[in-house]
Asker: 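Right, I'll just put the structure down here and ask away after.
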Amino acid sequence: MALPEEFLYQLKAANPIDSTMGRYIQLHRTGSNFKCLCPFHSEKTPSCVVYTQTQSFYCFGCGAGGDVITFVSRIENLEPFEAIQLLAERAGLELPDRKREDNAVLSKVTLLEMNRETANFYYKNLLGGEDKRGLEYLVRRGLAPETIKKYGLGYAPAAWDGLYRHLRSCGYTDAQILESGLCRKGKQNNCFDFFRGRVMFPIVDLRGNVIAFGGRILDGEDGPKYLNSGDTLVFKKSRNLFSLQFAKNSSLKTLILAEGYMDVIAINQAGFENVVATLGTALTAEQARLMRQYATDVILSYDSDSAGQAATSRAINLLSEAGVHARILKLNGAKDPDEYIKRFGATRFKLLLEDAAGAIHFQLDRCRDGLDLQTEQGKVDYLKRVVPVLADIQNELERDIYLTNLAKEAEVNPDLLRAQVKAALRKTVRKEKREEWRAITAKQFFRDEVNPEANSFRREAKAEETILAYLFRNPDMLGEVQSRISPEQFATAFHRRIFTMFSEQMQNASQFSVSLFSDVCTAEEMGRITGIEAKYSDITLTEQNVDDCIKILLRAQENAAIKQDDLSDDDLIHLINQARNGK
C-alpha cells in the first residue's frame, strides 16, 4: 500500500468504523462499543464486536477482524487498495501518489474494462445486428425499450468468435481474454466465444461495474436454458445478486427474491425496484447475509412447481440463519411472477406482496402435503410433521399460538401436543450442546492455517500472544521488550513475523493501529491480529506478566538447545563424518 501514516489516519477519522459498518449491518451499542451479527458467517446470537476506541472489529465466532479498510475490503470483495479508494471517495479525500501498483488491482481494472466493452458489444448487437431474434424475444416477453436500456440487455451473436475478434481489435491479449472467461480455448488452440446465440443479461455490482453475464438461449435452440459466467477475479456468483444495484436504493426494508433474470426484470418494470435474484445457483449463505445488509424482510417469489417449493424451503432456512424474516408469495393462477403480472397487473401483484404469509405458514402448509386430514392416520402423521416446525419457533408466545390453533384444527388436546413439542425442544438443546462441545474439543485437532505451529507450542504461543497484546497497548515499551528478547526467540513463525513488523513499523509511526499491518497481511491474518487485541481488551497486563512470558520463551529455547545437544555417540560420529566430507 505504501501510503503515509497521516493519510491513513485522516481516512479512518473520516470513516469511523461504527458508522461505516452501520451502512451494511445493524449495530447495537454496548457501553462504548457495539455488537452485531457477523456479516461473514451465519449466526443468530451477535458475536462480532466493534471497538470504537481502537477503530477495529473482531468476531469471536469466526475470527474475522481488522480495521475499517479490512472490513470494506471483505464485505465489498475488494483488494485493500480498492477499499481505500472507496473510503477516500466517500470522505472526499485525495489519494497520495503511489510508487507502485498492485498487479491484482491492475488485473481487476482490465477485467472490468473488458466486461464493460463486452456489454456494449452485446447491447449494440441486440439493437443494430443483423440477427434480430434476441430483440424479438425481449419484445415478445413484454419488455419496454427503457427497461432494455436500464438493464443493458444484449445479444451474443451466433458466430463462434464474434466477441473474440472484437476484443482483439480493442487491444486485449489472448491471455487477458481467456482470464475473463468470456472466451475459451478450443482443441485446435483457437479461441471461441463462451456465449453464442443468447440473450445477454449483464450482472452489475453496487458501484456500477459489469462483473459477469448471464445468457438465455433462444426458444427452439439446443443447449442449457441459462448459461452464466464462471468465477473470476471480479465475480463470485455465491456473493452477488442480480439487480441489487437497483434494489439497494429502495426505501423499503424488504427485498423480493425471484428465481431468474426475467422474473426480476418483469417485477422491476412493474414498479417494484426492491427485487433481486441469485445467479444461476440456489441461494447461498453468503447471499442471505448480503440481503441482511439491506433488508429485515425477504419475500420469496419462486415458481410454484416442486423444484420451486424445495428451493423455498432451503431459502427459508438460510435466511433464518442470517437473521432475516422470510415471507412466501403464493402465485395462484400463474406459474411465475412474470406471468402473474401480465395476467393480473401490478396492482394485484402489490396486494399479493402485502398478503405474503410468513415462513411458518408455508412450512405448516407443506406438512399437509399428501395427507388426508379427515382420517385418523392423516391427523397423526400431520401432527408428527408439525412438531419439529413448532419446536423451531424461537418466540415462546408465537409458538404457543400456532400450537393452540393446530391442536384445535386436528381436534387433539393442546397439552398432549405441547408435551411433544417440549420433548423435541429438549432434544434440540441436547443436540446443540453436543455439537458445541464437539466443536470446542475438536479445535485442537484442526490445523491452524494462520499460525500452524501454535498447536505444537501451545504454552509458548500463548506467551507470545500476551507479549504482543501488551505491546499493542503500550508501544512505548517496545525498546524494553526488545532488550530482553529478539524475534528469533519466538517459537511460532506467525508471532515472530508480527513482532518483527511491529518493531519496524513503530520506528516511524506515532501511535499503534492494526492498520499498520494491512499492507502486508491477509484478511485472515488481520483477523488474528485484531483478535489478539480484542481478547486482552478487558485484561490488565503488567510488566510482570510480560516478564513471565519472556521467561517462558527463553526457557523453551534453552530446552530446545539441550535437546539438540543430547546426541548419541553414533549421531555425533555421523555429524563429524559429514563435516569432514564437506556435506
Side-chain angles (χ1 to χ4, degrees), residues 5 31-33 49 51-60 63 65-67 440 443-444 447-521 524-566:
E5 179 195 1
S32 60
N33 298 322
V49 181
Y51 299 93
T52 55
Q53 185 175 357
T54 59
Q55 287 295 294
S56 62
F57 76 98
Y58 182 71
C59 175
F60 288 87
D67 60 1
I440 292 171
K443 272 188 176 180
Q444 59 184 310
R447 175 178 168 81
D448 186 336
E449 297 296 337
V450 176
N451 192 7
E453 294 163 305
N455 278 340
S456 302
F457 301 97
R458 291 178 182 276
R459 195 171 181 224
E460 292 82 356
K462 187 70 175 176
E464 292 165 356
E465 242 188 27
T466 304
I467 293 170
L468 291 171
Y470 176 79
L471 288 174
F472 293 167
R473 196 180 302 171
N474 305 283
D476 56 306
M477 296 300 292
L478 175 61
E480 176 65 25
V481 173
Q482 285 176 322
S483 68
R484 298 281 315 282
I485 193 167
S486 65
E488 293 75 21
Q489 291 167 310
F490 275 57
T492 68
F494 174 69
H495 288 153
R496 185 185 311 127
R497 179 165 158 251
I498 299 303
F499 181 67
T500 301
M501 287 192 295
F502 178 83
S503 301
E504 292 171 351
Q505 295 283 7
M506 291 313 298
Q507 292 178 10
N508 301 314
S510 58
Q511 58 184 350
F512 171 71
S513 166
V514 292
S515 300
L516 296 174
F517 297 107
S518 58
D519 187 26
V520 287
C521 289
E524 291 74 20
E525 290 171 339
M526 285 293 288
R528 186 63 58 87
I529 294 166
T530 311
I532 292 173
E533 193 177 38
K535 284 187 283 186
Y536 288 86
S537 60
D538 296 325
I539 300 174
T540 301
L541 295 177
T542 66
E543 291 182 43
Q544 183 60 51
N545 297 140
V546 176
D547 185 63
D548 292 339
C549 290
I550 291 174
K551 286 177 180 177
I552 288 173
L553 297 186
L554 295 177
R555 195 176 303 120
Q557 188 182 44
E558 290 171 4
N559 292 338
I562 290 171
K563 287 180 181 178
Q564 289 176 355
D565 291 339
D566 190 17

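Just so we're clear, the structure is a prediction, and the values are computed from it rather than from any experiment.
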Asker: Would you check if Val514 and Thr54 make a side-chain contact, meaning some heavy-atom pair closer than 4.5 Å?
Answerer: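 Sidechains of Thr54 and Val514: no contact.
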Asker: When the ring planes of Phe502 and Phe472 are compared, do they come out parallel, tilted or perpendicular, using 30° and 60° as the limits?
Answerer: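 Taking Phe472 first and then Phe502, their aromatic rings sit tilted (interplane angle of 30° to 60°).
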Asker: Which heavy atom of Ala493 sits nearest a heavy atom of Glu453, and at what distance?
Answerer: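 Where Ala493 meets Glu453 most closely, the heavy atoms are N-OE1, 2.5 Å.
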Asker: May I ask you to test the Cys521-Arg497 pair for a side-chain heavy-atom distance under 4.5 Å?
Answerer: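 With C-beta onward as the side chain, the pair touches.
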Asker: Treating Glu524 as the side-chain partner and Val450 as the backbone partner, does any N or O pair qualify as donor plus acceptor under 3.5 Å?
Answerer: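 Absent.
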Asker: If we only count heavy atoms from C-beta on, is the Val546 to Leu541 side-chain gap below 4.5 Å?
Answerer: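 A side-chain contact is absent here, since even the closest heavy-atom pair is not under 4.5 Å.
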Asker: Atom CD of Gln53 and atom CG of Asn33: how far apart are they, to the nearest 0.5 Å?
Answerer: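 Interatomic distance, Gln53 CD to Asn33 CG, rounded to 0.5 Å: 8.0 Å.
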Asker: Rounded at 0.5 Å granularity, tell me how far CG in Leu553 sits from CZ in Arg496.
Answerer: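 Rounded to the nearest 0.5 Å, the CG-CZ separation comes to 10.5 Å.
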Asker: Using a 3.5 Å distance criterion without hydrogens, assess whether the side chain of Asp548 forms a donor-acceptor pair with backbone atoms of Asn545.
Answerer: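 Checked: no pair found.
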Asker: Is there a donor-acceptor pair under 3.5 Å between the side chain of Ser537 and the backbone N or O of Glu533?
Answerer: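 Answer holds: no.
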Asker: Does Gln505 use its side chain to pair, donor to acceptor, with the backbone of Leu516 at less than 3.5 Å?
Answerer: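 Here the side-chain-to-backbone pair exists.
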Asker: Quick check: does any side chain N or O of Glu460 sit under 3.5 Å from a backbone N or O of Ala556, one acting as donor and the other as acceptor?
Answerer: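 Checked: no pair found.
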Asker: A quick test of your reading: do over 12 heavy atoms of other residues, nucleotides or ligands sit less than 6.0 Å from CD of Glu543?
Answerer: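 Not buried by this count: 12 neighbours or fewer within 6.0 Å.
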Asker: Is there a donor-acceptor pair closer than 3.5 Å between any side-chain N or O of Arg473 and the backbone N or O of Tyr536?
Answerer: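 At least one qualifying donor-acceptor pair exists.
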Asker: Out of curiosity, Ile498 CD1 to Glu525 CD, how far, rounded to the nearest 0.5 Å?
Answerer: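 Going from the CD1 atom of Ile498 to the CD atom of Glu525 covers 6.5 Å.
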Asker: Assess, by modelled atom type and distance only, whether the side chains of Ser486 and Glu488 contain a donor and an acceptor separated by less than 3.5 Å.
Answerer: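 There is such a pair between these side chains.
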Asker: I need the Ile532 CD1 to Tyr58 OH distance, nearest 0.5 Å.
Answerer: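 Those atoms lie 9.0 Å apart.
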Asker: As an exercise, state the distance from CD of Gln557 to CG of Asn559, rounded to the nearest 0.5 Å.
Answerer: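 Separation between the atoms: 10.5 Å.
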Asker: So among Phe490, Phe494, Phe517, which one has a ring pair (Phe, Tyr, Trp, His ring centres under 6.0 Å) with Phe499?
Answerer: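 Among the candidates, only Phe490 passes.
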Asker: Without swapping roles, check the side chain of Thr492 against the backbone of Ala454 for a donor-acceptor pair under 3.5 Å.
Answerer: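 Checked: no pair found.
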Asker: Nearest 0.5 Å please: distance from the OG1 atom of Thr542 over to the CG atom of Asp547.
Answerer: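 It comes to 9.0 Å.
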Asker: Can you name the nearest heavy-atom pair linking Ile539 to Lys535, along with the distance?
Answerer: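 Looks like CD1-O, 3.6 Å.
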